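Below: one structure, written as structure tokens.
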Amino acid sequence: TNAKLKRIESDNAGIAAAMFSYQDRYLQLPGDDSEAGTRFDFYITGIGALADGFGDGVIGDGTDWATVVQGGSWVAPVAAGTQESSKFFGHLRAAGLIPGGTGLVATRPSNAYGGLIGIQNGSLLMAGHVTVFGQIEGGVARILESRLDDGAPQTGRMQSNLAAGAMDVVAAHPIAAGTLYLEANRYNIAFRL
């Protein structure tokens, strides 16, 4: 368990470092890069001609990882490979900032508990870009909260929702105030970058 916890912490820090390195190098955010299609000289599997982002300074629109649940994990509700959250990992791989070859470049990585890792602009009332780690066991989520944040799934730089729920920007937090992590549940956890 400790090794898996450290991997989640390490993956989150690595994604942030890669994102900021890309931004320093190309002056655009990965996934949102409006020149990625000409910047990289190979076909990004799953994206193809749609390799460019919008170039508007945000990765996704807060709904890229919103509402569709398939196979026990959340996925984007729009066509695979067209969302900036998919392009994010494709751009980082193409730049050599995260591991992965030219095949299935847009594939989102998985975390130590088998859930997907994603990124989007805003989640669960948090402003700015967040990384989302899916399918984290309740006991592990509780440990991460106590080590990295304030212990409550509804507040702070780390916020969570039940794994079957939406991670988009909503009017009220989907987990009621005062509710703690339950051992029997799995959670999607958003970390503010």
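Computed over heavy atoms, backbone and side chain alike; hydrogens, waters and symmetry mates excluded. All of these numbers come straight from a predicted model, not from anything done at the bench.
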Pairwise side-chain contact, I59 with N121, heavy-atom cut-off 4.5 Å (strictly under): no
All pairs passing salt bridge (charged side-chain N to carboxylate O under 4.0 Å, His left out) where residues 110-134 contributes a residue, at least two apart: none
Pair listing, salt bridge (charged side-chain N to carboxylate O under 4.0 Å, His left out) test, anchored in residues 116-139, at least two apart: E137-R186
side-chain hydrogen bond (donor to acceptor under 3.5 Å, both in side chains) partners for N12, two or more places apart: T131
Test side-chain hydrogen bond (donor to acceptor under 3.5 Å, both in side chains) applied to D150 - qualifying residues, sequence neighbours left out: T155
Partner set under side-chain contact (heavy atoms from CB on, under 4.5 Å) for S10, not counting sequence neighbours: none
Partner residues of S146 under the side-chain contact (heavy atoms from CB on, under 4.5 Å) criterion, sequence neighbours left out: none
State whether the side chain of [X] and the backbone N or O of [Y] hold a donor-acceptor pair below 3.5 Å, judged by distance alone.
| X | Y | value |
| --- | --- | --- |
| Q28 | S34 | yes |
| Q135 | G115 | no |
| H129 | G122 | no |
| N161 | N188 | no |
| R192 | M158 | no |
| K87 | D32 | no |

L116 vs N111, side-chain contact (heavy atoms from CB on, under 4.5 Å): CA-CA, chis, key distance, verdict: CA-CA 6 Å; L116 296 175; N111 64 53; over 6 Å; no
Minimal non-hydrogen separation, [X] against [Y], with atom names:
| X | Y | answer |
| --- | --- | --- |
| A141 | Y187 | CB-CD1, 4.3 Å |
| Q154 | G178 | NE2-N, 3.6 Å |
| A190 | M126 | CB-CE, 3.4 Å |
| P153 | E145 | CA-OE2, 3.6 Å |

For [X], enumerate each residue passing the salt bridge (Lys or Arg N to Asp or Glu O under 4.0 Å) test, keeping only those at least two apart in sequence or located in another chain.
| X | value |
| --- | --- |
| R147 | E9 |
| R157 | none |
| R142 | E183 |
| D149 | none |

Nearest 0.5 Å please: distance from the [atom1] atom of [X] over to the [atom2] atom of [Y].
| X | Y | atom1 | atom2 | value |
| --- | --- | --- | --- | --- |
| I143 | L5 | CD1 | CG | 5.0 Å |
| K4 | I136 | NZ | CD1 | 9.5 Å |
| L97 | F89 | CG | CZ | 12.5 Å |
| L180 | N185 | CG | CG | 12.0 Å |
| I175 | S160 | CD1 | OG | 6.0 Å |
| L29 | F54 | CG | CZ | 14.0 Å |

Give every donor-acceptor pair under 3.5 Å between a side-chain atom in residues 13-23 and any protein atom, sequence neighbours left out.
unit_1, atom_1, unit_2, atom_2, d
S21, OG, A17, O, 3.0
Y22, OH, D33, OD2, 2.5

Chi angles and distances behind the side-chain contact (heavy atoms from CB on, under 4.5 Å) call for L144, F133: CA-CA 12 Å; L144 284 168; F133 287 74; over 6 Å; no
Residues that Y113 engages under ring pair (Phe, Tyr, Trp, His ring centres under 6.0 Å), provided they are two or more places apart: none
